[in-house]
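Some notes on the structure that comes next.
By convention here, the first residue in the shown sequence is residue 1. Side chains included, hydrogens not; waters and symmetry mates left out as well; all remaining heavy atoms used.
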Amino acid sequence: MDLSDTPQEARFRARLREWLAEVLPALPPKPDPADWPGRRAYDLGWQRRLYDAGYADVHWDASPALRMIFLEESEKAGAPYVGASFVGLLHAGPTIAAEGTDAQQARWLPPILRGEEVWCQGFSEPDAGSDLAALRTRARRDGDDYVVTGSKIWTSHAEVADWCELLVRTDPDAPRHRGITWLAMPMDAEGITVRPLRTLAGSAEFAEVFLDEVRVPAANRVGAENDGWRVTMVTLSFERGTAFVGEVVACRRVLRQLARTAGENGRWGDPVLRRRLGRLDAEFRALWRLTQWNVSEAAAGGGVPGVGGSVFKLRYSGARQELYDTAAAVLGPDALDLDRPWVLDRLSSLSYTIAAGTSQIQRNIVAERMLGLPKGR
């Protein structure tokens with residue numbers, strides 16, 4: 001198999017490298033991690049630069065090869081992460097592009113691409129995390145609106161979001177998976193209370209969201225009423241299949257930095273550590289190839305990733321945790337210093353086997369949908 005760039009891809013790569021080399025030195029300083037309004041402005045400003053340069057829609061409309069080149073070169077150059085644009089650009093936007101009406105696409109997709117609006121994800125609830133179909137947030141139809149009451153937790157970027165991709169139960173008497181609806185909820189609606197949550201790493205990118213008789217226009221429903229579970233599977237396929245692509249490149253960069261640090265501080269002489277680094281290098285190379293396959297499969301299947309995303313999510317979560325455990329071995333006593341590189345990353349990596357569907361859920365999906373094994377009771 002020839003994995004080298006075609007002439008078109010080589011030109012795209014060269015043009016992108018040139019643009020990144022020109023624009024990155026001119027970026028303003030990154031805001032303090034605790035300054036979420038500042039982070040929102042910084043992240044949206046970067047997205048606007050991408051839009052003006054013609055790169056904003058690379059996640060949606062570019063070929064798989066160009067998409068991978070964009071992510072690879074951006075990460076290698078140290079370009080800003082999507083940050084507050086994560087949910088809109090990589091979850092809600094692709095879902096609306098795949099399932100929304102023409103009017104919904106015209107309303108919501110351009111502001112996402114131009115860096116004008118932030119989305120958050122209102123899926124998990126206190127009693128419905130991994131078992132998402134057990135959600136209890138209710139929405140009753142009242143004229144042209146749904147009236148929503150309930151609560152959500154681990155809602156990404158809720159404190160700075162303009163919109164929320166929200167799952168609600170519209171038919172409490174239907175089987176669990178058949179009474180759910182996918183809504184786009186304006187975050188400035190009356191009756192919404194946002195309470196930020198601080199993580200183990202000290203950040204607050206998640207929040208609890210309380211909904212008290214919040215009115216959401218029925219025109220904001222994506223897909224049919226009570227067909228939200230199917231639409232949700234589209235969202236989750238993007239979240240697990242392609243949303244972590246750039247992070248694989250970042251992990252490969254960290255791995256190279258760990259090898260250099262081990263050489264500098266004398267830990268390279270440990271053969272066990274060298275084997276760990278070598279095996280992780282092979283692991284992330286394989287994950288990169290799997291990522292390429294998943295993105296290509298998504299393009300062939302109309303833009304929606306398949307269940308291969310669960311294989312990726314399962315392996316990537318474990319590999320990321322092992323990467324930062326290895327970083328702790330390289331750092332030695334410095335691994336307890338929160339101001340050292342990779343220490344906070346190690347703390348945040350603990351969440352990856354839970355976030356975006358637990359590893360147990362991913363194993364069930366692989367077993368049932370790929371291997372044809374019977375469902376658990």
Side-chain angles (χ1 to χ4, degrees), residues 3-91 93-94 97 109-119 157 160 162 205 238 242-261 284-285 288 291-292 295-296 299 341-342 344-345:
L3 296 176
S4 59
D5 291 346
T6 66
Q8 177 197 12
E9 292 162 2
R11 289 192 296 271
F12 178 83
R13 188 186 295 274
R15 186 171 66 251
L16 176 60
R17 282 180 178 176
E18 182 180 356
W19 180 77
L20 289 169
E22 176 185 349
V23 73
L24 291 181
L27 290 181
K30 291 184 179 180
D32 186 282
D35 177 13
W36 266 105
R39 290 176 64 178
R40 171 193 160 105
Y42 184 89
D43 294 340
L44 292 185
W46 173 244
Q47 181 61 26
R48 181 68 199 204
R49 286 175 184 262
L50 292 174
Y51 179 84
D52 291 339
Y55 296 115
D57 62 349
V58 71
H59 299 286
W60 300 351
D61 293 335
S63 70
L66 295 185
R67 194 178 315 168
M68 301 300 281
I69 289 171
F70 173 82
L71 292 166
E72 186 175 20
E73 294 298 328
S74 296
E75 180 58 41
K76 285 181 177 179
Y81 183 58
V82 291
S85 299
F86 182 85
V87 175
L89 196 62
L90 303 181
H91 297 183
L109 298 187
I112 292 174
L113 293 179
R114 292 194 297 259
E116 295 171 355
E117 293 180 342
V118 170
W119 284 66
H157 309 317
V160 292
D162 303 290
E205 64 265 28
F238 285 113
T242 56
F244 290 113
V245 169
E247 296 192 26
V248 175
V249 183
C251 286
R252 294 179 70 182
R253 172 177 50 80
V254 169
L255 191 61
R256 291 191 295 270
Q257 293 172 339
L258 284 176
R260 286 196 297 270
T261 300
F284 282 109
R285 285 175 182 270
W288 180 248
T291 297
Q292 292 175 310
V295 172
S296 297
W342 310 315
L344 290 179
D345 292 308

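With rounding to the nearest 0.5 Å, the separation of NZ in K76 from CZ in R252 is 7.5 Å. One finds the CZ atom of R17 at 9.5 Å from the CD1 atom of I69 (value rounded to the nearest 0.5 Å). In this structure, the separation between CG on L44 and CD on E116 is 9.0 Å, given to the nearest 0.5 Å. To the nearest 0.5 Å, atom CZ of residue R253 and atom CD of residue E72 are 13.0 Å apart. Separation of atoms CZ (R40) and OG (S85) is listed at 9.0 Å; rounding is to 0.5 Å.
Looking at heavy atoms from C-beta onward, Y42 lies in side-chain contact with K30 at the 4.5 angstrom threshold. Using a 4.5 Å heavy-atom cutoff, the side chains of L113 and L89 are in contact.
For the pair E9 (side chain) and L66 (backbone), a donor-acceptor distance under 3.5 Å is absent.
More than 12 non-hydrogen atoms from other residues, nucleotides or ligands lie less than 6.0 angstrom from CD of Q257.
Judged by the 6.0 Å and 45° rule, R49 forms no cation-pi pair with W46.
Smallest separation of non-hydrogen atoms from L20 and A77: CD1-CB, 3.9 Å. Here the closest heavy-atom approach between residue P80 and residue L27 is recorded as CG-CD1, 3.6 Å. Taking each heavy atom of G83 and D43 in turn, the nearest pair found is CA-OD2, 3.4 Å. Of all heavy-atom pairs spanning P94 and G88, the tightest one is CD-O, 3.9 Å. Between L16 and F70, the shortest heavy-atom contact is CD2-CA, 3.5 Å.
The aromatic rings of Y55 and F12 sit perpendicular to each other, their planes meeting at more than 60°, with 30° as the lower class boundary.
With respect to the salt-bridge test (charged N to carboxylate O, under 4.0 angstrom), the residues R48 and D52 qualify.
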